[in-house]
Amino acid sequence: MRRSRNAFVLAAVLVVLALIGLGIYQWRAGDTQGPGTGTSTEAQTGASNTEAEPTTPAEPAWCPAVEVVSVPGTWESAPDDDPFNPQANPASYMLSITKPLQERYDIDQVRVFTVPYTAQFRNIQTERGRAEMTYDDSRAEGTAKLAGELKFVAQTCPRTQFIIAGFSQGAVIVGDVADRIGTCNGPIESERLLGAVMIADGRRENGVGVNPGVELAGQGAEITMQPFQRVVDVATPGATMTGPRPGKFGEVADRAYEVCAPNDTVCDAPLAIGNAINRAGDLLLANGNHALYATNPDVIPGSTASAWALDWMVNRIDNL
């Protein structure tokens, strides 16, 4: 009896992992090219700005009113990409939000910075996958670069306020940093964060943060999968399922926006692992939703995730 129960749990865990991997693959399949190189001469960490501007009590002339920091998802960035003109993946989802912002505002008013990091998720099922960076290492790199950029600009430009946003793996990173900011343990003070937008967040919890879209029955895959870490370690080494965020966004919970498509297994995984077997067919059919946030009308009624995020940012900036 115990052996068959273990086999059932293993099968269910593998179903959820397969669905997560399928979602990542489906978005990656839209790439027009693989990770490339950028030619930015400025801040992967903001260092050149530090050298270029003298240290004075006044803000440097380049300081913006608002900085929008974007964190792309898996396969959508590279560590040497240009943060002001990303080229690593021209099909990167976050570009559907950040490019219109750059077209609307001058950089000295709204500085749009895309975090360049090794956005990978090791998959032992393929030869190339075995050589790629683990999810844990990739997430740690993205988190450090996001926090570093926020801290650098906040210290250099005391009046600048911030918006942070990310997709998929980038949403996890943004949510983690927002949680630290909201619990007074982040790179900036909570009152300087205008908002955080997490699209397809693997640590999403119902009732935590603000849901601008449809009601959802599930939760982030990193919460559902946490009790089965030993099975995850076999299939995707170096991918720690971190569970719910301890601070629940703290002081910024009223402006931490969680956007998730129904049945996107990354952010709307079954609450119980056994349900993954029961729902496997439906989930497999629906998990292409992970690649459709720019067009899916069923995430936020009357809009799309991209249009809603862009409109929210523009309204927030223009009403300062």
Side-chain angles (χ1 to χ4, degrees), residues 9-10 12-25 27 71-76 117 119-124 132-143 146 164-180 182-183 196-209 211 216-250 253 256-276 279 283 287 289-290 293:
V9 170
L10 174 61
V13 170
L14 291 176
V15 164
V16 175
L17 285 173
L19 290 166
I20 295 170
L22 178 63
I24 292 170
Y25 170 78
W27 184 262
V71 187
T74 308
W75 315 117
E76 296 186 353
Y117 76 111
Q120 294 183 358
F121 192 114
R122 178 173 292 173
N123 176 6
I124 64 171
E132 287 165 341
M133 181 179 281
T134 67
Y135 176 63
D136 288 352
D137 289 343
S138 179
R139 176 167 54 184
E141 180 188 326
T143 301
L146 170 58
I164 55 178
F167 169 67
S168 196
Q169 182 175 345
V172 172
I173 291 168
V174 165
D176 291 353
V177 172
D179 193 59
R180 288 169 48 192
T183 54
V197 178
M198 286 76 65
I199 300 172
D201 175 16
R203 299 184 75 182
R204 188 193 67 82
E205 275 188 280
N206 284 323
V208 176
N211 174 16
L216 300 161
Q219 63 188 359
E222 290 200 32
I223 302 175
T224 295
M225 300 296 293
Q226 189 182 36
F228 305 97
Q229 184 63 52
R230 289 188 359 185
V231 179
V232 175
D233 289 340
V234 174
T236 54
T240 302
M241 301 291 103
T242 47
R245 295 186 177 94
K248 301 188 183 301
F249 298 123
Y257 296 94
E258 291 278 20
V259 179
C260 177
N263 291 323
D264 176 358
T265 318
V266 173
C267 55
D268 189 28
L271 297 177
I273 194 67
N275 290 343
R279 294 179 57 202
L283 290 171
N287 208 51
N289 289 342
H290 193 71
Y293 280 94

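The figures here come from the full heavy-atom set of this structure, side chains too, leaving out hydrogens, waters and symmetry mates.
- Checked against Arg245 for a side-chain hydrogen bond (donor to acceptor under 3.5 Å, both in side chains), the options Asp179, Asp176, Thr183 give a single hit: Asp176.
- When side chains are defined from C-beta on, Val208 does not count as touching Glu258, because their heavy atoms never get closer than 4.5 Å.
- Thr242 and Gln226 are not linked by any side-chain donor-acceptor pair at a separation below 3.5 angstrom, with hydrogens and angles left out of the test.
- Electrostatic pairing of Asp233 and Arg230 does not count as a salt bridge here, judged by no charged N lying under 4.0 Å from a carboxylate O.
- When all heavy atoms of Ala261 and Cys267 are compared, the closest pair comes out as N-SG, 4.1 Å.
- Judged by distance alone, with hydrogens and angles left aside, the side-chain atoms of Thr236 form no donor-acceptor pair with the main-chain N or O of Ala239 at under 3.5 Å.
- Checking side-chain atoms of Ser138 against main-chain N and O of Gln120 turns up a donor-acceptor pair under 3.5 Å.
- Between His290 and Phe167 there is a side-chain heavy-atom pair separated by less than 4.5 Å.
- Within the 4.5 Å cutoff, side-chain heavy atoms of Gln169 are placed close to those of Tyr117.
- Between Phe249 and Met198, the closest side-chain pair of non-hydrogen atoms falls below 4.5 Å.
- Looking at heavy atoms from C-beta onward, Cys260 lies out of side-chain contact with Asp201 at the 4.5 angstrom threshold.
- Each of Val232, Val231, Ile223 was checked for a side-chain contact (heavy atoms from CB on, under 4.5 Å) with Met241, and the lone residue meeting it is Val232.
- Within the 4.5 Å cutoff, no side-chain heavy atoms of Arg203 are placed close to those of Gln219.
- The two residues Val174 and Ala196 make their nearest non-hydrogen contact at CG1-CB, 4.2 Å.
- The closest side-chain heavy-atom distance from Arg204 to Asp268 is below 4.5 Å.
- Atoms CG and CD, on Leu216 and Glu205 in that order, are 13.5 Å from each other to the nearest 0.5 Å.
- Taking each heavy atom of Ile199 and Tyr293 in turn, the nearest pair found is CG2-CD2, 3.6 Å.
- A distance-only check finds a donor-acceptor pair linking the side chain of Thr224 to the backbone of Pro270 [under 3.5 Å].
- Taking the side chain as every heavy atom from C-beta outward, Leu146 and Ile164 approach each other to under 4.5 Å.
- Taken to the nearest 0.5 Å, the CG atom of Asp264 stands 7.5 Å off from the OG atom of Ser168.
- Side-chain contact annotation: Thr240 with Gln229, donor-acceptor N/O pair under 3.5 Å absent.
- No side-chain donor-acceptor contact under 3.5 Å links Asn211 and Tyr257.
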